[in-house]
Each structure stands twice: as structure tokens, then as C-alpha cells.
**Q** 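Starting off with a structure, shown below.
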Amino acid sequence: MALTYTTESAATGSRCRRRLHLHCKHRQKGVVCFFYAGIFYKRYLLFLTILYITGLITCAGPLLSLLHPPPPPPPGSLYRSQELFLKLWPEIQSDNSSTVELDNLWRYRRKLKEQKLCQNANAHQQPVSLRLQRYLVIEANGGLNQQRSSICNAVAVAGLLNATLVIPHFDVHNVWKDPSTFADIYDEDHFISSLKDFVMVVRDLPDELMESYNFSISAIPSMRVPAWASARYYMDEVYPFLQETRVVRISPFANRLATSIPPHIQFLRCLANYKSLRFSSTIMNLAKVIGNRMTDKSSSYGGKYVAVHLRFEEDMVAFSCCVYDEGETEKSEMDAARKRGWGKKFTLKNRVSEPGLNRVNGKCPMTPVEAGLMLRGMGFSNNTPIYLASGRIYKEDRYLEPLRKMFPLLETKWSLATADELASIKGYSSRLAAVDYMLCLYSEVFVTTQGGNFPHFLMGQRRFIYNGHAKTIMPDKTKLVVLLQNTTTSWDGFKDEMETMLAESDRRSIMVPRVKKSTRKGSIYLNPLPECRCLWESQNSTSISNFFL
């Protein structure tokens, strides 16, 4: 190597000297010749130095990586659930033991203690002449239950301002693209009549006001209200404006009222959520048809079944930025889904995507196989009736097959209803979600696999109808992802962990936050008692077992 290098160097030097000699002879100035020779050799040495350093770095990089390898990914950050299922499947198949009986599942019982009387006496509407009537217009945004929150808050704000509420308008979300109106989802007549003693509700603004805005609601200037605004803010900022203009429009309205408000106004929230908001007859009748078929298929369990809410639709997987096991194909599909639904939001320079961290923190949607492993590990046998509440599962053929293997008696609204029966709600995400909501509400067990408004409202309403107990399985996902990544675990070891998780979930289902003031986590939508106790007492005599009849 050295000899070759020396020979090449000598040849190169000889050629350079000849060029320099000719150049010097032509210029006939020895000083200039010496000057050019010096520049040439300096450049040559600089080139060799750079080449040497580059080679050193190139060789040293792999060596340093061997001496100091990158740290392993944190436990739970990688998706290995499919691999774990394939490894454990023979043991799961041969395990016929069952530790769960739906008739006697819930170990803990919450004893309702005597609470102080509800302060709802002042909630009744104060009479106002038609000439002085003032109106509140709101636009509810988001999905089914975010809109529900907006409606309940609007009832409370209308009561606070002593205003007449106009039936809320729904924004069309650019992902779900559901143009459903209030009357498509809720029983409008029931909503108006059930509130008439507390808040006046009308379908439209009077013509005299609409004329001022060219008969267009969108022409009414929108008042910007900060998120979680207090009752004092509404009285100080919104009420004077309402007095002057007779109509105030607030858009968007999601989360525009604080959870801690005066008791008589809080009562209006309770009334709206637990009594006034009833789904439309179309949705209720379809839910009864599907529910009756589900209970018929659950006859061996006395009509009881388990409802599992999965959020593993394509848009949810894309929004979470979590990574599963489809490699480049999955990445390409998710990038396209994010661009369709949210434009350039996910490509902004300041947006950092950390799939592993999301998974460790329990923010990744659970796959069907993960839900199945969890439930079988908790002791639910393979003949447990399962109702799957979900949109269209991402890569359904691939991801849903393991869950069906573990629970052959799995049903969905698509399998329980005919195409003709579903025709009136097909393509309308909020109406489809409303049917799922009813099937989950009256299930013996509700399993939530992802946070959000849907399980939040369901757990609260189940507490309301089940005497304070949510009867809900809430997995500890931060612990679960670590267990699911360990492909060396045994089936017996996994079962022990899951049974402990079930007991902890049951214990948490009866807990009520002990706080002096309402918080977002302690809202009446999640924990209706004790703030909605007076309404609960009047409703408690109604049996829920007769719904699917």
C-alpha cells in the first residue's frame, strides 16, 4: 500500500514539476515560479489532511457505536402485541377456565350517603315579556359527545343570562363530515318541553331579528368567549352585550363554561344531560332492535353482554401518530390520512411526533387483539357475548381476526342489523355513534380502551343509572403496554396481572373525586353524584332493564 502510494505520489509530483517548469520558462521569472509552486504544495497538503480526517471519522463512527451503543427503547414503547398473541394462542385455546361471571362480577358496591338538599329552587325561569326577550345562539363543534357537552353548557348559560336558547347548530367537522342537525340526533320536542319550566327553547329566532341579519345566522357577529369561562365572566362581559343587542352568538362553543358554577345553574346542566337530551325516535328504535338481538344472542348469560368501545379507525390511528406493524405501507397510508383530515397540521416544523413516547404514556389506541388479550386474561371465557362499538376498524381483516378467534360471539351493529335498517344512519358518524352509545349504556360491562368524550359521558350516565357505580373496565394502559411488549411472558403470568387490573378498575369505578370545587375530571358528565343527586332520586325509580323490550 505504501509503495503504491509513493509511486503515485512521485509520478504526480513529476507531472506537476513539468507544468511548473513550462510555466516558469514562459514567464521567465523565477520568483513567480517559486510562488506558484508553494501555493500548489499547500493545497495538496490541505487536501491530504482533509482526506485523512474524513477517513478517521468514517472509521471511528462504527467503532464508537460498538463501544457506546444507543440505549434500548423504553419498556412499552414498541408494538409487539400481535407477536405475543401468536405465541400465547395455543395456551389461550386450551384454557377453558373462567373466573368471571357476569351476574356476579362487581366486587365493590358504593353506598350512597345522605347529601345536603339540592339547591335548584332558583333554577326556574324568570318570566320575561316577548318584547324584552333575548336570545342565545351557539354553534356546537366536534363529535357526538363534544356537541352534547356544548348543548348542556348552552342550557346552563341561557339560565344564567335569563336568555331564550335557540336550538343549537352543529358544525360539520372536516374529518367526520357529518351534516346531521339537532333533530336528526335528538328528540327536539322532548328537549324543548322538558326544559320549559327552567329555560325557554325555540327552534328559530323571530323574523324581526333575523331581518336585521339578512335572515342568516352566520351574519350575526360571533362573540369570542375564552375556554372554561366563569359565571362571573358571562355576567360581566356577555350579559351587557346581550342586553344591548338582544341576541348573542358564541362560536365555537365547546368547553366555553367552567365546571364550577353556582348550584342552581349546575342543576340545569344535570337536567339537560340526564333528562332533556334523548336521542331521536329513529335512533332509539334502531337501538332497541339491535339491542334486542344482542340480548337474544346473550341468552346463556341471561341477556347480559360486554360492550367494548374501540377507537381503531383509520382517522384515529392517523391522529394519534402511533406506529403499529405495517411498516412503510402503514406510514404512507397514515401520512395520506393526516393530510386529508388535517391538511399541513402534522408537517409543521414545530410539531414533533414521538410514537414510542405516546405508547408509553398510554395514548395509543388499543388494537382489537390487545383488547382481546386483556379480557381473556381478566377471566372472560371465549363464549362471552361481546358487542363491539366502533367505526370501521383500520385494516379490519388483519386486526379484527384475533379478537374474533378469542371471542367467537362477537357482534357489531353491522352484523346485528340489515342494510335496510341501517340505511337511515349509514354515512352519518354521529348517528352511528348514538346507536353504539345506547348499546354500551345498557351493557352489563362497558370496556373503554381510549380516552375521550364518548367513554367520559357513558361512564357518567352509567353511574347515574347504576346507583353510583360505573360498571366500567378502565385498563391501566401505561402498565398494559409494558406487559404486551414482553413476548417472553407466560399466559399464567399475564393472567395474574390482568386479574389485578380488573380488581383495580372495579375499585376506581365507584370512586368519586373528593374535591371542594368541581374540576374537569370531576365534572357532572363523568361524576353526576352528588351534584345531580336530586335529579337522580326522581329518576332512580325508573327501571333500565325494560329498555330493550
Side-chain angles (χ1 to χ4, degrees), residues 118-126 135-170 181-183 185-203 228-229 231 234 250 253-280 283-284 430 434 437-438 441 453-454 456-465 518 520 522-539 542:
C118 298
Q119 299 181 41
N120 65 329
N122 297 324
H124 287 263
Q125 183 189 14
Q126 299 174 18
Y135 298 87
L136 172 65
V137 176
I138 69 106
E139 293 182 12
N141 54 310
L144 176 70
N145 288 285
Q146 189 172 353
Q147 290 173 343
R148 188 185 187 101
S149 171
S150 295
I151 297 165
C152 297
N153 288 343
V155 171
V157 170
L160 179 66
L161 300 176
N162 199 28
T164 296
L165 176 65
V166 179
I167 287 288
H169 293 254
F170 292 164
T181 64
F182 186 99
I185 300 173
Y186 298 107
D187 185 334
E188 201 171 79
D189 290 334
H190 175 76
F191 182 74
I192 294 172
S193 62
S194 64
L195 290 170
K196 65 181 176 62
D197 292 331
F198 304 93
V199 172
M200 184 174 288
V201 182
V202 296
R203 289 179 173 83
W228 311 105
Y234 277 96
I250 304 176
F253 194 70
N255 304 326
R256 288 303 184 269
L257 180 63
T259 52
S260 180
I261 53 179
H264 68 284
I265 301 301
Q266 191 76 290
F267 169 78
L268 294 176
R269 258 185 181 152
C270 297
L271 184 65
N273 191 49
Y274 296 110
K275 184 177 179 181
S276 301
L277 280 177
R278 187 168 70 188
F279 290 126
S280 68
I283 291 172
M284 293 293 277
S430 291
Y437 188 97
M438 294 305 299
L441 184 61
N453 287 307
F454 189 95
H456 187 91
F457 275 80
L458 259 171
M459 289 166 64
Q461 195 149 5
R462 287 170 68 82
R463 282 191 170 104
F464 190 80
I465 62 178
S518 295
R520 297 180 198 179
S523 73
I524 64 102
Y525 307 125
L526 179 62
N527 293 293
L529 305 175
E531 288 183 286
C532 301
R533 187 184 67 85
C534 53
L535 185 65
W536 171 80
E537 287 177 344
S538 66
Q539 301 283 84
T542 303

**Q** Roughly how far, to the nearest 0.5 Å, is CG of Leu195 from NE2 of His190?
**A** 8.5 Å

**Q** Measure the shortest side-chain to side-chain distance between Phe182 and Ile151 over non-hydrogen atoms and say whether it is less than 4.5 angstrom.
**A**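 The answer is yes, as the side chains (C-beta and beyond) meet within the 4.5 Å cut-off.
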
**Q** For Gln146, does its backbone N or O pair with a side-chain atom of Ser150 as donor and acceptor, under 3.5 Å?
**A** yes

**Q** Enter the distance from Glu188:CD to Ile167:CD1 here, rounded to the nearest 0.5 Å.
**A** 4.5 Å

**Q** To the nearest 0.5 Å, tell me how far Arg269 CZ sits from Ser276 OG.
**A**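 Atom-to-atom, Arg269:CZ and Ser276:OG are 14.5 Å apart.
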
**Q** Which pair of heavy atoms, one from Leu144 and one from Ile185, lies closest together, and at what distance?
**A** CD1-CG2, 3.8 Å

**Q** If I take atom OG from residue Ser260 and atom CD from residue Gln266, how far apart are they, to the nearest 0.5 angstrom?
**A** 7.5 Å

**Q** Minimum heavy-atom separation for Asn141 and Phe253, please, with both atom names.
**A** OD1-N, 3.7 Å

**Q** Take Phe198 and Phe267 through the test ring-ring contact (aromatic ring centres under 6.0 Å, His included) and record every step on the way to the result.
**A** CA-CA 10 Å; Phe198 304 93; Phe267 169 78; 5.6 Å; yes

**Q** Distance from Leu277 atom CG to Gln147 atom CD, nearest 0.5 Å?
**A**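 One finds 11.0 Å between CG of Leu277 and CD of Gln147.
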
**Q** Pick out which of Ile250, Ile261, Ile265 makes a side chain to side chain contact (heavy atoms under 4.5 Å, CB included) with Tyr234.
**A**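 It is Ile250; the other options fail the test.
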
**Q** Quick one, Tyr186 with Phe191, criterion ring-ring contact (aromatic ring centres under 6.0 Å, His included). Give me CA distance, side-chain angles, the key distance, then yes/no.
**A** CA-CA 8 Å; Tyr186 298 107; Phe191 182 74; 7.8 Å; no

**Q** Of all the heavy-atom pairs spanning Cys532 and Tyr274, show the shortest one and how long it is.
**A** SG-CE1, 4.0 Å

**Q** With Ser280, which residues qualify under side-chain hydrogen bond (donor to acceptor under 3.5 Å, both in side chains), at least two apart?
**A**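 Listed in chain order: nothing, the list is empty.
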
**Q** Counting C-beta onward and ignoring hydrogens, is there a side-chain heavy-atom pair between Ser430 and Phe170 closer than 4.5 Å?
**A**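 Result no, sub-4.5 Å side-chain heavy-atom pair not found.
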
**Q** So which heavy atom on Asn255 is nearest to which on Ser149, and how close?
**A** OD1-OG, 4.5 Å

**Q** Indicate the atoms forming the closest heavy-atom contact of Leu136 with Ala154, along with that distance.
**A** CD2-O, 3.6 Å

**Q** Just verifying a value: how many Å separate Asn453 CG and Tyr525 OH, rounded to the nearest 0.5 Å?
**A** 10.0 Å

**Q** Between Arg462 and Leu441, what is the shortest heavy-atom contact and its length?
**A**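 Shortest heavy-atom separation between Arg462 and Leu441 comes out as NH1-O, 3.0 Å.
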
